[in-house]
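Hydrogens, waters and symmetry mates are skipped; everything else that's a heavy atom, side chains included, is used. Positions are given from 1, in the same order as the sequence printed here. Quick caveat: nothing in here was measured; it's all calculated off a predicted structure.
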Amino acid sequence: MLARRILFPILLVLVVAAAFAARAVAHPTIDVVAANWKFTPAKISAPLGEPTTLRLTSSGGVHGIASEELGIPNTTIMPGKFTEVTFTPKKAGEYVVHCSIMCGAGHDKMTLTIEVQ
Ligand SMILES: [Cu+2]
């Protein structure tokens, strides 16, 4: 009886602690769809000093993303495929990331703005 009265609160605390730990580990995953010639959404935000995962796909054309400043390696975005890339911003600011693959007439204007705060 005593064991039950002590064990239950301990278990409850453990379950709550585990739930918080799981939440702390989970980091933002943002879906970004590339197309001719834009990223949707065109602007996202990422927390400073914490990992963010981009889940990238294309609804038309082959595109790419890369940012040395943000630590995003050159990543090809293919239609019908999902590619994940995780980066951890080291400095706050607004970063304008251009499509990294020559994709046609609108390529120069194809940008993804990442706000780090
Ligand atoms: Cu392009």
Side-chain angles (χ1 to χ4, degrees):
M1 215 49 186
L2 182 68
R4 234 169 106 180
R5 261 160 72 180
I6 292 169
L7 273 179
F8 183 72
I10 289 173
L11 271 176
L12 193 69
V13 166
L14 283 177
V15 166
V16 170
F20 270 96
R23 257 177 60 179
V25 168
H27 60 262
T29 299
I30 303 167
D31 284 302
V32 176
V33 180
N36 291 324
W37 287 277
K38 61 175 182 178
F39 290 101
T40 306
K43 188 176 179 179
I44 60 173
S45 48
L48 175 66
E50 283 174 43
T52 290
T53 296
L54 301 181
R55 208 164 70 103
L56 304 156
T57 193
S58 170
S59 64
V62 177
H63 304 280
I65 194 171
S67 171
E68 210 171 305
E69 289 174 294
L70 286 169
I72 301 173
N74 202 350
T75 306
T76 304
I77 307 168
M78 305 281 285
K81 253 186 83 178
F82 284 89
T83 307
E84 289 193 358
V85 64
T86 301
F87 66 102
T88 303
K90 304 267 187 287
K91 207 179 152 205
E94 197 174 85
Y95 298 82
V96 178
V97 180
H98 286 258
C99 175
S100 62
I101 290 176
M102 180 57 208
C103 55
H107 169 73
D108 287 340
K109 286 180 184 151
M110 190 173 164
T111 60
L112 173 67
T113 301
I114 303 179
E115 192 179 7
V116 176
Q117 52 194 0

Between atom [atom1] of [X] and atom [atom2] of [Y], what is the distance when rounded to the nearest 0.5 Å?
X      : Y      : atom1 : atom2 : value
Glu84  : Ile30  : CD    : CD1   : 12.0 Å
Ile44  : Glu115 : CD1   : CD    : 10.5 Å
Lys38  : Leu112 : NZ    : CG    : 13.0 Å
Leu70  : Tyr95  : CG    : OH    : 5.5 Å
Ile114 : Ser67  : CD1   : OG    : 6.5 Å

Contact summary for [X] and [Y], nearest pair of heavy atoms:
X      : Y      : result
Val116 : Pro89  : CG1-CB, 3.5 Å
Leu54  : Phe87  : CG-CE2, 3.7 Å
Gly61  : Ser58  : O-OG, 2.6 Å
Asn74  : Ser100 : OD1-OG, 2.9 Å

Exercise for review: Return yes if some donor-acceptor pair links the side-chain N/O of Thr113 with the main-chain N/O of Lys43 below 3.5 Å, else return no.
Suggested key: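 A pair under 3.5 Å: no.
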Practice item. Measure from the side-chain N and O atoms of Trp37 to the backbone N and O of Cys103, and report whether any donor-acceptor pair falls under 3.5 Å. Key: yes
Exercise for review: With His27 as reference, evaluate Thr88, Thr86, Thr52, Thr53 under the side chain to side chain donor-acceptor pair (under 3.5 Å) test and give the passing residue.
Suggested key: Thr53
Kindly indicate whether the side chain of [X], heavy atoms from C-beta on, has any atom under 4.5 Å from the side chain of [Y].
X     : Y     : value
Pro79 : Ser59 : no
Thr76 : Met78 : yes
Ile72 : Ile65 : yes

**Study point:** Sole candidate of Leu56, Ile77, Val85 that passes side-chain contact (heavy atoms from CB on, under 4.5 Å) when paired with Val32
**Key:**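 Looking at Leu56, Ile77, Val85, the match for Val32 under the side-chain contact (heavy atoms from CB on, under 4.5 Å) is Leu56.
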Check your understanding: Among side-chain atoms of His107 and Asn36, is any donor-acceptor pair under 3.5 angstrom?
Key -> no
Point to revise | CA sep, side-chain torsions, deciding dist, call: His63, Ile101, side-chain contact (heavy atoms from CB on, under 4.5 Å) | key: CA-CA 5 Å; His63 304 280; Ile101 290 176; 5.6 Å; no
